[in-house]
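What follows is a set of notes on a single structure, which appears directly below.
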Amino acid sequence: MDFYAYMSPRPEEEKMRREVVERIERVIKDLWPTADVQVFGSFSTGLYLPTSDIDLVVFVKFREGDTLPLWRLEEALRKHKVVEENSVKVLDKATVPIIKLTDSLTEVKVDISFNMKNAVKAAALIKDYKKKYPVLPYLVLVLKQFLLQRDMNEVFTGGISSYCLFLVAVSFLQLHSRENACSPNANTGVLLIEFFELYGRHFNYLKTGIRIKDGGCYLSKDEVQKSMLDGYRPSLLYIEDPLQPGNDVGRSSYGAMQVKQVFEYAFMVLSHAVSPIAKYHLNNHGESILGRIIRVTQEVAEYRDWITMKWAALSLNSLTLKGNVTLLVELQEMEECINNLSEEGAESPSSSSPPPSSSFSSPHSSSASSILSTHFALLHTLCSSPHTLLLGKYSDPLTFSTFCYVTALF
């Protein structure tokens, strides 16, 4: 729960990503004014990590027989300096042709595809399952981080995609033996260990496939192969696409056995950590149980600091105050407070400097950023409710020489 709360998207992170989408959309509309640009994937469903990609699909009509204009869009993105010069990759030979790029201002990675109707339908499907299984977002976010830091979260490197991972997690909950496994009060830690146990030790990848449609079930690969064309066979990680039954979602995950191995490793580590004998083994690093398999690096913490410092400040002027709310200090004064970082405090990334690189390995976080983010989250929340806000200044030697505090008067 703590990991989910910490890694869940902040308002300023969402604002930054929407600006990235808007910049790219302007370039696309300049090329094709009637194009419809839609967001799908983790940014659409809210299940994204701080460094996750943004997935975009462009719906535009072409003449029959025309090839996808991937290179034309790539050239336009370079021309408008939307992308980092050496970051653009056009994967025109992939099963789903895409453009992969990195935004020049934020270092957010973006994947762009064309006319993929099922991509948007998949996002709607994920939202439906999130409602049905309240524990699902907690499991998925931890699993995504676990695979990310081991470079197993991309299909083109042999890992498993976010959509594939989501379907595997849904199947796990659908076919779980305990009735309360899907309730909002289910023990997420126990479910996580059981997930690693199933897919790391017990699941038969050679003979069994996964179906989540109609309540979910396991499939015999021998039976699946009978309905396939000659010369074709189910992939090692066969997952039937609920939106297109003939499509194998896991067919490109050629490193499925490596994923199985790291799942088994996680099961062993977590099982040992919660076993009765674990209390007799000293934990010299003071890590949590989950911290034995997952890390958040200083680089990621600093990247989130940079986002908070820049986009939280920018969003102050766009706050919408609802109900009986009174601001007893000007928003301009709030911005001045934000910029008055104490020279005695810990160093924080400058809002004008480029974003730090983002990778995962060691647990650390800036206290200044955490406090700043907390204050803005509280401000956004209270400004949507019928409270009176008293905004003033105080001195905090650990973080800021001056800052704004928020008090709700009920």
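Residues take their numbers from the sequence shown, with the count starting at 1.
Here the closest heavy-atom approach between residue Tyr48 and residue Leu141 is recorded as O-CD1, 4.1 Å. Of all non-hydrogen atoms in Ile54 and Phe43, the two that sit nearest each other are CG2-CD2, 4.2 Å. Of all heavy-atom pairs between Pro242 and Ile212, the closest is CG-CD1, 3.9 Å. Of all heavy-atom pairs spanning Val140 and Leu165, the tightest one is O-CD2, 4.4 Å. The nearest pair of heavy atoms linking Ala35 to Lys29 is O-NZ, 2.6 Å. Looking at every heavy atom in both residues, Ala312 comes nearest to Glu12 through N-CB, 3.7 Å.
Atom-to-atom distance recorded for Met16:CE and Glu13:CD is 6.5 Å, nearest 0.5 angstrom. Taken from CD in Gln298 to OH in Tyr303, the straight-line distance is 15.5 Å, to the nearest 0.5 Å. One distance of note links OG of Ser253 with CG of Leu236; it measures 9.5 Å at 0.5 Å rounding. Remark: Leu191 CG to Leu198 CG distance equals 12.0 Å, nearest 0.5 Å. Taking CZ of Arg17 as the start and OG of Ser52 as the end, the distance is 6.0 Å to the nearest 0.5 Å. How far CD1 of Ile99 is from CH2 of Trp71: 9.0 Å, rounded to the nearest 0.5 Å.
The 12-atom threshold is exceeded at CG of Asn204, counting heavy atoms of other residues, nucleotides or ligands nearer than 6.0 Å. For Glu75, the CD atom is loosely surrounded, since the number of other residues' heavy atoms within 6.0 Å does not exceed 12.
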- [ ] Walk me through it: do Ile112 and Leu77 pass the test side chain to side chain contact (heavy atoms under 4.5 Å, CB included)?
- [x] CA-CA 12 Å; Ile112 306 174; Leu77 291 167; 4.2 Å; yes

- [ ] Test side chain to side chain contact (heavy atoms under 4.5 Å, CB included) on Val60 and Leu31 and set out the steps.
- [x] CA-CA 11 Å; Val60 61; Leu31 289 174; over 6 Å; no

Task: Derivation and outcome, side chain to side chain contact (heavy atoms under 4.5 Å, CB included), residues Leu136 and Phe172 - done: CA-CA 10 Å; Leu136 197 53; Phe172 165 72; over 6 Å; no

Open item on the list: Is there a salt bridge (charged side-chain N to carboxylate O under 4.0 Å, His left out) between Arg18 and Glu22? Walk through the geometry before answering.
Closed with: CA-CA 6 Å; Arg18 293 206 177 279; Glu22 290 168 5; over 6 Å; no

- [ ] Go through Asp111 and Phe40 one step at a time and tell me if the side chain to side chain contact (heavy atoms under 4.5 Å, CB included) criterion holds.
- [x] CA-CA 10 Å; Asp111 290 352; Phe40 69 100; over 6 Å; no

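A 4.5 Å side-chain heavy-atom check between Ile24 and Ile28 finds at least one atom pair inside the cut-off. In this structure the side chain of Val142 never reaches within 4.5 angstrom of the side chain of Gln145, judged on heavy atoms. Proximity of Thr106 to Glu19: side-chain heavy atoms (C-beta onward) are nowhere separated by under 4.5 Å. In this structure the side chain of Leu143 reaches within 4.5 angstrom of the side chain of Leu192, judged on heavy atoms. The side-chain heavy atoms of Val82 and Asp103, taken from C-beta on, include a pair separated by under 4.5 Å. Residues Leu173 and Leu139 meet the side-chain proximity criterion, which asks for heavy atoms closer than 4.5 Å. The side-chain heavy atoms of His176 and Glu194, taken from C-beta on, include a pair separated by under 4.5 Å. Ile193 has its side chain within reach of Phe267: a pair of non-hydrogen atoms, C-beta onward, lies under 4.5 Å apart.
Although no hydrogens or angles enter the test, the distance criterion places no donor-acceptor pair under 3.5 Å between the side chain of Thr102 and the main chain of Val108. In terms of modelled atom types and a separation under 3.5 Å, the side chain of Lys100 and the main chain of Lys109 share no donor-acceptor contact. Using a distance-only test at 3.5 Å, with no hydrogens or angles considered, no donor-acceptor pair links the side chain of Lys130 to the main chain of Leu47. In this structure, the side chain of Ser161 engages the main chain of Cys164 through a donor-acceptor pair within 3.5 Å. The backbone N or O of Val110 sits nowhere less than 3.5 Å from a side-chain atom of Asp53 that would complete a donor-acceptor pair. Here the side chain of Thr308 pairs a donor or acceptor atom with the backbone of Arg304 at under 3.5 angstrom. In this structure, Arg201 contributes its side chain and Glu264 its backbone to no donor-acceptor pair below 3.5 Å. A donor-acceptor contact shorter than 3.5 Å links the side chain of Ser227 to the backbone of Val224. Checked by atom type and distance alone, the side chain of Lys221 pairs as donor or acceptor with a backbone atom of Ser235 at under 3.5 Å. In this structure, the side chain of Gln149 engages the main chain of Ile293 through a donor-acceptor pair within 3.5 Å.
In this structure, the ring of Tyr199 has its center less than 6.0 angstrom from the ring center of Phe195.
Taking the six-membered ring for Trp and thresholds of 30 and 60 degrees, Trp306 and Trp311 have ring planes more than 60 degrees apart, a perpendicular arrangement.
Looking at residues two or more places apart in sequence or on another chain, you find a side chain to side chain contact (heavy atoms under 4.5 Å, CB included) between Lys127 and Ser44, Thr45.
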